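A quick write-up on the structure given underneath.
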Amino acid sequence: MQLAEGKRLLHTSQDSLKWKKNNMDNIRVRFAPSPTGFLHVGNARTALFNWLFARHNRGTYILRIEDTDEERSTGEYEEKLIEDLEWLALEWDEGPVKGGGSGPYRQSQRLNIYQSFTEKLLEEGKAYYCFCSIEELEKEKKQAVSRGETPVYSGKCRMISLEDAKKRICAGEQGVVRLKTPGKGELSFEDLVRGRVCFNLKYQGDPVLVRSSGLPAYNYAVVIDDSLMKITHVIRGEDHLSNMPRQLLTYEALSFPPPKFAHLSMVMGEDNTRLSKRHGATSVDQFKTDGILSAALINYLALLGWAPSDGSEVLTLEDVVRQFDILKVSKSAAIFDYDKLHWLNRQHMRKLIPSEQAKQSYPYLYKAGLMPEEQDMSGNHWEWLEKAMEYFIEKVDHFSDLPEHFNALFEFSLDELDVEAQEILNSECAGKVLKSIADKIKKIVLLDFDKYAELTKEIKAETGCKGKDLFRPLRVALTTKTSGLDLDKFIPLVEEGARLVFPKPMLNCALRITKVIDHIKLK
RNA sequence: GCCCCUGUCGUCUAGCUUGGUCUAGGACAUCGCCCUUUCAAGGCGGCAACACGGGUUCAAAUCCCGUCGGGGGCGCCA
């Protein structure tokens, strides 16, 4: 009932307009990753949805680094993270490097801020020092679970007066700071994607605000940071949903008005467990090296849990920004479908202009030893690459598959002919056809496809071979393969490529034919 | 175990708010056909879903209750 009510509020156009007027001004959202590893696509999706929400509403998108986990956070991961976000083109308006009016944007540089709020909470009696050992707490927890209850901290250190506690701290005793929670009653809030969500506070014990190391716990730092940075909408993963009671209570203790929340469903692997390495690529970095375009990844991620109202699927970033609506985001978890990503990538690859296709493909071809160093790439090289890409782009769904296809242009090994190819070359017609073409091809300076067509006509007349008997020997003679390449594309590429300098030389058609004839004679 | 979230084709989703227009639409994958001297690409078509059980109603994918399934959380991690 409540849920339906809430949802309706957000969907009627009149109310929605009013809602927009009141809340859509000065929209501020943030993406707050911790630099403890490579950027996971699940997190990238969270970043994307935040970014989309900001851009759609002309708001501000903030990047904040949550590096209070001393053991796992590193500067290298932060750099990598920034690099990945830049690659995805999810530019932030405020954040590390860039700066902004609500900095610093690394939690590790905000410790004094948290401290001043802790003092205040302690003085007001809203928080207290706790000296319970981890072992003690573990024991209590286990007992609760064995009784079939939700483990909740007993709150026994509430008894200790602030004065006594401070003395113990000064004496060097280790302690944490906990928030006093009511331990009863209900708490609910309106989630932008889930509707009204309720919690029973009897399951909410006194959460740790400050660890014994003096560093703030996540749930404490976010609340302060989001408040001070004037975040209006917190869009994050569903795994944070159960943190809501303690965070809402912390907002209350701090007298900060809570922002709006939207909890996004998780991204799963095909076996319906959280997407992880054993499902395949999971980090943005990995998709990048696999030759997925950032535009395609973004497009796919946007479609994971959201769909534009017109049902179109191949979208540019601008399309998505224009149509994005957080209220239409799906509530249920989504399985990451590599096939669809690859299909989308193919669509985006095709939409690139030829020069961009060549540019994007070059690193992969260079790495495979097929293209010269960048400084040795002449204008003719690039022109040739563009032409080649026009053809090969149809064959692949990511750039890293390109070298394998390009290889067919460079490789000409008659020692590795398969059985079928052998048979074709040994056929009666093959002999006649090859002899005929060998004579004629010498007189042609540059074989293009028109000349090739003329040639085949003449050969046909001369030898009486036609159809399969004519074309299959020619294909094998030129490519050493029985299938794969369109000869009308292959021939001009090889002819022009043979005039360029590559790490592996490319043979022109005349040479290929000569070699094949020698090869047959040897036998 | 307890708490929270979630459930439409194999997968992502449209439809659910305002019940009838849904013999449930699209896309990926898959299968078949066409095109083609090969392989692809492309074109056309097929298969395929409202988790289950109860209500409410003339009418339920849509509203209500329950069951079951899936996920998340239960840290001095974030």
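Bear in mind that the values here come from a model prediction, so they are computed numbers and not experimental data. Below, chain A is the first sequence line, B the second, and so on; all start at residue 1.
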Side chains of residues 401-408 of chain A: which donor-acceptor partners sit under 3.5 Å, not counting sequence neighbours?
{"from": "Asp401(A)", "atom 1": "OD2", "to": "His398(A)", "atom 2": "NE2", "distance (Å)": "3.2"}
{"from": "His405(A)", "atom 1": "ND1", "to": "Asp401(A)", "atom 2": "O", "distance (Å)": "3.2"}

Base partner of [N], which must satisfy Watson-Crick or wobble distances under 3.5 Å:
N	value
A41(B)	none
U21(B)	none
U30(B)	G46(B)
C2(B)	G73(B)

First of Leu341(A) and Arg72(A) reached from the 5' end of RNA chain B, by closest nucleotide: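 Of the two residues, Leu341(A) wins.
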Which residue lies more 5' along RNA chain B, comparing Gly175(A) with Thr150(A) via nearest heavy atoms: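 Looking at RNA chain B, the more 5' nearest nucleotide goes with Thr150(A).
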Residues Glu140(A) and Lys156(A) bridged, charged N to O under 4.0 Å: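 Yes.
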Lys/Arg-Asp/Glu bridge criterion (N-O < 4.0 Å) met for Arg158(A), Asp206(A):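 Answer for the salt bridge query: yes.
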Touch class at under 4.0 angstrom, heavy-atom based, for Lys141(A) against every strand present: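 Lys141(A): backbone/sugar contact only, no base atoms under 4.0 Å.
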Quiz question: going by heavy-atom distance under 3.5 Å, is there a donor-acceptor pair between the base of [N] and the side chain of [X]?
X	N	answer
Lys340(A)	A29(B)	no
Asp486(A)	C39(B)	yes
Lys481(A)	C39(B)	no

Whole-Å P distance, A61(B) and G43(B):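 Per the computed distance, 34 Å lies between those P atoms.
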Phosphate OP1/OP2 of [N]: any [X] side-chain N/O under 4.0 Å:
X	N	value
Lys328(A)	G15(B)	yes
Arg246(A)	A78(B)	no
Arg211(A)	C77(B)	yes
Ser265(A)	G72(B)	no

cation_pi(Arg168(A), Phe131(A)) dist<6.0 Å, angle<=45: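 The answer is yes; both the distance and angle limits are met.
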Ser212(A) side-chain proximity, nearest of C39(B), A41(B), C76(B):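 The listed nucleotide nearest to Ser212(A)'s side chain is C76(B).
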Pair His348(A) + Tyr300(A): ring centers closer than 6.0 Å: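 Not under 6.0 Å, so no.
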